[in-house]
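Each remark here refers to the structure printed beneath this line.
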2 protein chains.
Amino acid sequence: MSSGRAGEPGPESDRRATIKEVAEAAGVSRSTASRALTGHGYAAPQVRDRVRAIARELGYVPDATARHLRRQASQSLGVLVSDLSNPFYAGLAAGISQQARRREYTMMLADDGGSPDVEAEVAEAFVALRVAGVIVTPVSAQVSEYLTRHRIPVVEVDRQFSAGACDAVLVDNASAARTLTGQLLQLGHRRIALVTDERHWTTGRDRLAGYRDAFAVAGVPVDDSLVVTAGWDVDAARVEVARLLDRPEPPTAVFAANNVLAEAVWRAADERGFTIPDRLSLVTFDDVSWMSMVRPGVTAVSQDAVALGEASVSQLCERIQSPTAPVRTVLLSATIVPRTSTAPPPSTSR
Amino acid sequence: MSSGRAGEPGPESDRRATIKEVAEAAGVSRSTASRALTGHGYAAPQVRDRVRAIARELGYVPDATARHLRRQASQSLGVLVSDLSNPFYAGLAAGISQQARRREYTMMLADDGGSPDVEAEVAEAFVALRVAGVIVTPVSAQVSEYLTRHRIPVVEVDRQFSAGACDAVLVDNASAARTLTGQLLQLGHRRIALVTDERHWTTGRDRLAGYRDAFAVAGVPVDDSLVVTAGWDVDAARVEVARLLDRPEPPTAVFAANNVLAEAVWRAADERGFTIPDRLSLVTFDDVSWMSMVRPGVTAVSQDAVALGEASVSQLCERIQSPTAPVRTVLLSATIVPRTSTAPPPSTSR
DNA sequence: GCTCTGCCTGGAATCGATCCCATATCGGTT
DNA sequence: AACCGATATGGGATCGATTCCAGGCAGAGC
């Protein structure tokens with residue numbers, strides 16, 4: 001888009017200008033026009049300038065489709081996330097988008113809503129489009145395997161399903177969970193619930209592992225009944241958490257494994273009159289905006305989704321450069337943002 | 001992606017299977033193979049089944065690039081939003097993504113960060129990719145003009161820059177702003193500030209117009225010094241709002257024009273000790289999650305970004321179907337979600 | 001036995017851009 | 001005068017899929 005003035009260069013006819021038309025208008029062959037426009041190969045300086053001027057005049061925009069077909073390499077990255085409405089994935093997409101643009105890639109984004117079927121469908125679309133590479137927050141082990149089989153570089157982000165088979169960019173979940181759980185233990189909490197979405201993905205697994213580690217380090221036994229799997233839906237999770245709080249011996253602290261679950265805990269605690277932090281301490285993964293706006297603010301593990309997105313683009317580009325380099329797993333460390341949602345357990349519980 | 005078992009059909013060689021290879025393996029010509037696979041044109045049932053079986057066996061995935069080149073029509077929609085990290089745009093993208101997938105379009109998403117230059121750059125990339133249509137939250141009048149000139153259908157969503165020149169899907173900002181301002185006036189407020197991002201886009205303009213209307217209806221003069229333009233950055237806006245609250249006669253109510261500004265007002269009020277709603281009433285556009293989690297909950301105009309996205313895909317698809325139909329502007333109504341952030345003005349202010 | 005109709009298939013052009021390779025031109029050298 | 005290297009350009013094949021068109025073949029009708 002050269003400028004915004006009216007009467008600006010543009011397609012006069014109904015059809016879009018092709019390089020052939022540009023070439024004819026400039027009185028050169030298609031080959032020369034191509035060299036002049038792309039800068040690949042030789043073209044006399046004056047010819048080059050003339051061709052370029054005419055291209056601008058005709059509003060010529062090269063057809064990426066044709067170029068990709070010929071070059072057998074596209075300038076698009078496929079991105080597949082689980083839920084764009086979730087600020088974590090949205091931030092991830094924003095980071096990827098920025099980095100991709102900087103490297104002159106366009107981004108094909110799809111949202112699989114957590115469904116393996118949709119995920120598979122989108123993966124096939126990506127193969128059809130011959131994307132240069134794919135970044136995915138996987139829901140199944142199949143995506144990466146399928147894409148890899150089709151020789152498309154893949155980076156798994158946030159979760160890992162194909163360790164050793166493709167690159168991954170992850171957050172050090174175990175370590176962050178260990179630290180945060182440790183802090184709760186140190187405050188004197190013993191009945192610390194872990195509310196998680198599921199336990200088999202690396203995210204859930206590692207956060208659970210960190211939680212257990214902290215107990216082990218402190219020499220406190222884990223009460224397995226306090227590890228609750230609550231799924232992905234806020235409302236369903238809220239019911240689950242309410243049930244937890246209604247127990248005769250409710251937990252004195254809750255570790256929510258992500259922002260959605262934290263929201264569920266927050267709302268359930270509010271409904272049940274569990275004052276935070278006096279009666280219930282709350283810590284969570286994902287530092288999203290509401291956590292710093294509510295009172296008390298919620299102590300959270302900040303994952304910096306944008307950085308995660310950027311890192312995965314870097315990794316993907318390196319992989320595209322050198323397809324045979326050894327597979328790598330990048331582990332980003334998370335920071336803990338301490339706020340005021342934790343306190344020692346209520347005295348009656350000691 | 002047919003299934004996830006190991007030893008599954010897939011490219012054995014390094015190259016991807018092409019229709020030529022499928023045809024050869026099936027002992028038919030490329031033409032027949034194409035007809036068998038696409039269902040366009042005739043192919044004997046048994047031939048068709050055999051070709052399809054072999055295609056599956058070889059892990060054949062048609063090259064969308066080549067297909068689009070030949071058909072001169074792509075199955076991708078371009079989407080251009082201002083800020084993916086903002087839940088409003090993220091929701092919009094989520095809605096678009098879902099609808100697009102349902103209609104078998106893939107989505108090319110870009111984030112222009114509010115910059116007209118990036119916007120123009122992305123528009124050109126969309127033209128190059130020969131997308132079937134574009135949905136944009138415009139930051140300049142040029143995008144739509146440029147894309148239209150290149151015969152690409154455009155739908156402007158949320159904001160309108162090219163009234164009459166292309167379709168648009170908008171929210172009835174004026175009416176929602178009028179109602180909400182009216183409620184504040186009825187509660188007895190007179191010093192009602194409007195904190196807006198800017199005043200020239202339709203969003204800002206219409207919200208301002210609704211605000212003024214409400215004053216006119218109530219027969220109360222508008223104090224122009226209370227209409228504050230605070231830009232797009234939370235922190236900058238917070239400073240601006242702080243200045244507003246520090247005035248000798250601060251407003252008794254604030255109408256924030258979007259969720260970012262509401263956040264700024266919320267934080268500034270918190271810092272300044274302006275208790276909501278006792279000392280300051282707050283209402284806002286955009287109902288994002290934190291507004292129902294903080295106490296008091298914030299009364300907000302809910303725009304349903306997802307619905308907005310879905311409506312714009314519908315509009316775009318209709319436009320693609322009938323390029324010459326008269327231009328249309330769809331106006332969605334917004335709902336007001338009343339919460340507890342409003343109260344009569346403090347008695348000292350009456 | 002011949003022709004006609006309808007089913008079925010393959011050849012070849014096409015979409016737009018790229019790029020290898022052949023060739024033309026020119027200034028300068030021996 | 002013949003030749004060489006460097007500069008500059010065009011012809012044509014190519015990427016993968018689609019689609020128009022011509023034609024082959026079989027069965028039915030006369």
Side-chain angles (χ1 to χ4, degrees), chain A residues 11 13-52 54-55 58-75 125 127-132 150-151, chain B residues 11 13-52 54-55 58-75 125 127-132 150-151:
Chain A
S13 73
D14 247 19
R15 299 257 300 98
R16 253 184 277 259
T18 68
I19 200 171
K20 193 176 154 213
E21 282 150 33
V22 173
E24 278 166 9
V28 296
S29 69
R30 290 173 3 260
S31 322
T32 305
S34 173
R35 282 189 304 256
L37 291 170
T38 60
H40 275 252
Y42 193 94
Q46 40 180 353
V47 170
R48 200 194 50 205
D49 294 345
R50 185 158 43 93
V51 170
R52 291 191 176 173
I54 289 183
L58 295 178
Y60 169 72
V61 179
D63 185 327
T65 301
R67 174 178 292 174
H68 296 170
L69 176 59
R70 174 63 228 242
R71 290 204 176 146
Q72 291 294 85
S74 92
Q75 282 296 308
V127 172
L129 287 161
R130 307 295 192 253
V131 294
H150 280 270
R151 318 256 179 276
Chain B
S13 74
D14 247 18
R15 301 256 299 98
R16 252 184 279 258
T18 68
I19 200 171
K20 192 174 155 215
E21 283 150 34
V22 174
E24 276 166 8
V28 296
S29 69
R30 293 178 353 262
S31 326
T32 305
S34 172
R35 282 190 304 259
L37 292 170
T38 59
H40 275 253
Y42 194 93
Q46 39 182 354
V47 171
R48 200 194 48 203
D49 294 345
R50 185 158 42 92
V51 171
R52 292 192 175 173
I54 290 184
L58 295 178
Y60 169 72
V61 179
D63 185 325
T65 301
R67 173 178 292 174
H68 296 169
L69 176 61
R70 175 62 227 239
R71 291 201 176 148
Q72 292 294 85
S74 95
Q75 282 295 307
V127 172
L129 287 160
R130 306 296 191 252
V131 294
H150 279 271
R151 318 256 178 274

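Hydrogens, waters and symmetry mates are skipped; everything else that's a heavy atom, side chains included, is used. Below, read A as the first sequence line, B as the second, and so on, with proteins coming before strands; counting in each chain starts at 1. Quick caveat: nothing in here was measured; it's all calculated off a predicted structure.
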Measuring only between side-chain heavy atoms, which start at C-beta, is A:Ile19 closer than 4.5 Å to A:Ser34?
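They are in side-chain contact.
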
Is the phosphate of C:dG16 approached by B:Gln72 (side-chain N or O, under 4.0 Å from OP1 or OP2)?
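Yes, within the criterion.
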
In whole angstrom, give the distance that lies between atom CG of B:Leu69 and atom C1' of C:dA13.
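B:Leu69 atom CG is separated from C:dA13 atom C1' by 13 Å.
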
Using atom CD of A:Glu24 as one end and atom P of D:dG11 as the other, report the distance to the nearest whole Å.
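To the nearest whole Å, that distance equals 11 Å.
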
Nearest heavy-atom pair of [X] and [Y]: which atoms, and what distance?
| X | Y | result |
| --- | --- | --- |
| B:Thr18 | B:Tyr60 | C-CE1, 3.6 Å |
| A:Val127 | A:His150 | CG1-ND1, 3.7 Å |
| B:Ala33 | B:Ala23 | CB-CB, 3.8 Å |

By side chain to side chain contact (heavy atoms under 4.5 Å, CB included), which residues pair with A:Ala26, not counting sequence neighbours?
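With sequence neighbours excluded, A:Ala26 shows a side chain to side chain contact (heavy atoms under 4.5 Å, CB included) to A:Val28, A:Arg50, A:Val51, A:Ile54, given in chain and number order.
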
Where at least one partner belongs to residues 22-49 of chain B, residue pairs that pass salt bridge (charged side-chain N to carboxylate O under 4.0 Å, His left out), sequence neighbours excluded
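For residues 22-49 of chain B, and leaving out neighbouring residues, there are no salt bridge (charged side-chain N to carboxylate O under 4.0 Å, His left out) pairs at all.
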
With sequence neighbours left out, which residue pairs that include part of residues 58-74 of chain B fulfil the salt bridge (charged side-chain N to carboxylate O under 4.0 Å, His left out) condition?
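Those involving residues 58-74 of chain B are A:Arg130-B:Asp63.
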
Pick out the pairs of N or O atoms, protein on one side and nucleotides 17-19 of chain D on the other, that lie under 3.5 Å.
unit_1	atom_1	unit_2	atom_2	d
D:dA17	OP1	B:Tyr60	OH	2.8
D:dA17	OP1	B:Asp63	N	3.2
D:dA17	OP2	B:Ile19	N	2.4
D:dT18	OP1	B:Arg67	NE	2.5
D:dT18	OP1	B:Arg67	NH2	2.9
D:dT18	OP2	B:Ser34	OG	3.2
D:dT18	O2	B:Arg70	NH1	2.3
D:dT18	O4	B:Arg30	NH2	3.4
D:dT19	O4	B:Ser31	OG	3.3

Set of side-chain hydrogen bond (donor to acceptor under 3.5 Å, both in side chains) partners for A:Thr38, sequence neighbours left out:
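For A:Thr38, no residue satisfies side-chain hydrogen bond (donor to acceptor under 3.5 Å, both in side chains) once neighbours in sequence are set aside.
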
Quick one, which residues of residues 43-51 of chain B touch DNA chain C with a heavy atom under 4.0 Å?
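Residues of residues 43-51 of chain B under 4.0 Å from DNA chain C: B:Ala43, B:Ala44, B:Val47.
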
